[in-house]
**Student:** 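Quick one: this structure, given as structure tokens, is what I'll be asking you about.
Residue numbers run from 1 in the order of the sequence given. Predicted model, so just to flag it, every value in this text is computed and none were measured.
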Amino acid sequence: MAASGVASPTRTEVLQLYRSLLRVARQFSDYNIREYSKRRTIDAFRDNKNLTDPSQLSAAFSDGKAQLEVAKRQALVYSLYASKVKSIMDIKPS
């Protein structure tokens, strides 16, 4: 526990959050949304890589967890209303 009373997340918890966000990003059927979600995750973790203040770490971690829940809900909604036609980016050449 830090001096300010805020417990900062462990490295393992942060890596689990990162992997979970990338895993959820793969669930989007639309190429653009899938790549946007992946890019946003990578960029956010890269931007917060050098945080050292426990309160900032906790705030960034809780924001990431909130984003994970939003992404899970959105992936579910997008799967319910997914287009039957594949994007040109999803078609694999034969």
Side-chain angles (χ1 to χ4, degrees):
M1 184 107 15
S4 65
V6 178
S8 55
T10 63
R11 184 177 196 278
T12 304
E13 290 173 325
V14 172
L15 289 174
Q16 285 175 342
L17 177 62
Y18 181 72
R19 284 190 216 105
S20 296
L21 283 163
L22 290 178
R23 207 172 291 122
V24 169
R26 283 195 306 250
Q27 293 176 0
F28 287 104
S29 57
D30 184 84
Y31 172 82
N32 291 322
I33 297 167
R34 185 171 56 242
E35 290 301 311
Y36 170 77
S37 180
K38 181 178 146 186
R39 186 176 58 246
R40 183 169 176 193
T41 299
I42 293 168
D43 289 345
F45 274 81
R46 189 174 293 139
D47 290 344
N48 293 324
K49 180 173 73 171
N50 296 322
L51 289 180
T52 55
D53 181 34
S55 62
Q56 287 181 336
L57 280 168
S58 294
F61 185 74
S62 60
D63 182 48
K65 287 176 75 170
Q67 291 298 323
L68 176 63
E69 294 306 314
V70 169
K72 284 180 180 179
R73 282 194 306 271
Q74 286 303 113
L76 177 64
V77 169
Y78 274 87
S79 71
L80 293 174
Y81 299 103
S83 173
K84 303 296 181 211
V85 179
K86 285 193 169 196
S87 166
I88 190 73
M89 299 302 289
D90 291 328
I91 299 173
K92 300 200 186 329
S94 317

**Student:** Judged by atom type as modelled, is there a donor-acceptor pair below 3.5 Å linking the side chain of E69 to the main-chain atoms of A66?
**Tutor:** no
**Student:** Quick one: closest heavy-atom pair of L51 and Q56, and the distance?
**Tutor:** CD2-OE1, 3.5 Å
**Student:** Name all residues meeting the ring pair (Phe, Tyr, Trp, His ring centres under 6.0 Å) criterion together with F61; count only those two or more places apart in sequence or in a different chain, and write none if there are none.
**Tutor:** none
**Student:** Hydrophobic cluster mates of V70, side-chain heavy atoms under 4.5 angstrom, ILVMFWY only, any path?
**Tutor:** none
**Student:** Could you tell me whether the side chain of T41 and the main chain of S37 form a donor-acceptor pair under 3.5 Å?
**Tutor:** yes
**Student:** Does the pair D43/R40 count as a salt bridge with the N-to-O cut at 4.0 Å?
**Tutor:** no
**Student:** Tell me whether D63 contacts the main-chain N or O of A59 through its side chain, where contact means a donor paired with an acceptor under 3.5 Å.
**Tutor:** no
**Student:** Quick one: pull up CD in E35 and CZ in R26 and give me the separation to the nearest 0.5 Å.
**Tutor:** 11.5 Å
**Student:** Drop me the distance from L22's CG to L17's CG, to the nearest 0.5 angstrom.
**Tutor:** 9.5 Å
**Student:** Tell me which one of R39, K38, R34 satisfies side-chain contact (heavy atoms from CB on, under 4.5 Å) with Y36.
**Tutor:** R39
**Student:** Measuring only between side-chain heavy atoms, which start at C-beta, is Q74 closer than 4.5 Å to F28?
**Tutor:** yes
**Student:** What is the distance from atom OG of S20 to atom CZ of R23, rounded to the nearest 0.5 Å?
**Tutor:** 5.0 Å
**Student:** Evaluate the side-chain proximity of S79 to S29: yes if any heavy-atom separation is below 4.5 Å, no if none is.
**Tutor:** no
**Student:** So how far is it from T52 OG1 to L57 CG, rounded to the nearest 0.5 Å?
**Tutor:** 7.0 Å
**Student:** Closest approach of L21 and L68, non-hydrogen atoms and distance?
**Tutor:** CD2-CA, 3.6 Å
**Student:** Can you name the nearest heavy-atom pair linking A75 to V24, along with the distance?
**Tutor:** CB-CG1, 4.4 Å
**Student:** State which residues pass ring pair (Phe, Tyr, Trp, His ring centres under 6.0 Å) with Y18; sequence neighbours excluded, sorted by chain then number.
**Tutor:** F45
